[in-house]
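Below is one structure, written out as structure tokens, with a few remarks after it.
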Amino acid sequence: MKSRATLCLLLAAVVGVWSLVAWRLLAPAKRPPEAARPASASASAAAAPDDTLRLDYPDPFLKGATAPKQASRSVVRSLPSGKKAAPTPRERTKILHLATVATGGRALHIVEIGGGQYELCMGDEAAGFRLHTADTDSLYFRKDGRIYGVERCRP
């Protein structure tokens with residue numbers, strides 16, 4: 001070093017930094033003043049237990065999470081005994097998709113229902129079956145609240 005003044009200045013800086021580090025390490029930690037806690041709604045409510053794994057090892061991922069409250073058991077009553085209504089049988093009519101023709105932005109589906117041939121668009125009805133919806137591989141008909149699926153023919 002060329003200058004004695006520079007050496008003294010650097011030495012003072014090193015002593016200052018190391019004294020600051022030692023003071024931070026050895027000084028007692030100051031705790032912030034505790035704020036007044038609000039009164040809880042129920043004084044008798046016990047604190048929820050921490051979530052733990054086996055052998056009382058605390059779960060490191062759930063340290064701040066609160067445990068869910070257990071739901072009270074519901075009261076289960078038996079149903080009154082009575083005769084159940086017999087389910088209505090499904091219609092056993094043969095429905096066959098023959099072709100689909102796209103004209104003017106509308107799809108016209110040619111189907112055979114119970115031996116008769118019909119040309120249907122969405123919402124049309126034939127032999128009591130209404131064409132409800134269609135997708136890429138099936139047509140769906142609705143009759144008496146039930147939906148019947150029919151596979152489209154392969155070209």
Check: Y140/D135 side-chain N/O donor and acceptor closer than 3.5 Å: yes
Those residues that, when tested against I110, pass side-chain contact (heavy atoms from CB on, under 4.5 Å) (two or more places apart): L98, A99, V101, E119
Chi angles and distances behind the side chain to side chain contact (heavy atoms under 4.5 Å, CB included) call for E112, I95: CA-CA 6 Å; E112 184 178 310; I95 303 174; over 6 Å; no
Looking at side-chain heavy atoms only, is the closest gap between [X] and [Y] below 4.5 Å?
{"X": "T93", "Y": "Y148", "value": "no"}
{"X": "R106", "Y": "M122", "value": "no"}
{"X": "L120", "Y": "V111", "value": "yes"}
{"X": "L139", "Y": "L131", "value": "yes"}

If I take atom [atom1] from residue [X] and atom [atom2] from residue [Y], how far apart are they, to the nearest 0.5 angstrom?
{"X": "K143", "Y": "E125", "atom1": "NZ", "atom2": "CD", "value": "9.0 Å"}
{"X": "F129", "Y": "R146", "atom1": "CZ", "atom2": "CZ", "value": "11.5 Å"}
{"X": "L26", "Y": "S19", "atom1": "CG", "atom2": "OG", "value": "11.5 Å"}

Chi angles and distances behind the side chain to side chain contact (heavy atoms under 4.5 Å, CB included) call for F141, I147: CA-CA 6 Å; F141 293 89; I147 295 180; over 6 Å; no
Under 4.5 Å side-chain linkage, directly or through intermediates, the cluster mates of L11: none
ILVMFWY cluster, L25 and V14 together (side-chain gap under 4.5 Å): yes
Flag, side chain of R130 to backbone of G123, donor-acceptor distance under 3.5 Å: yes
Exam field: side chain H97 to backbone E151, donor-acceptor pair closer than 3.5 Å: no
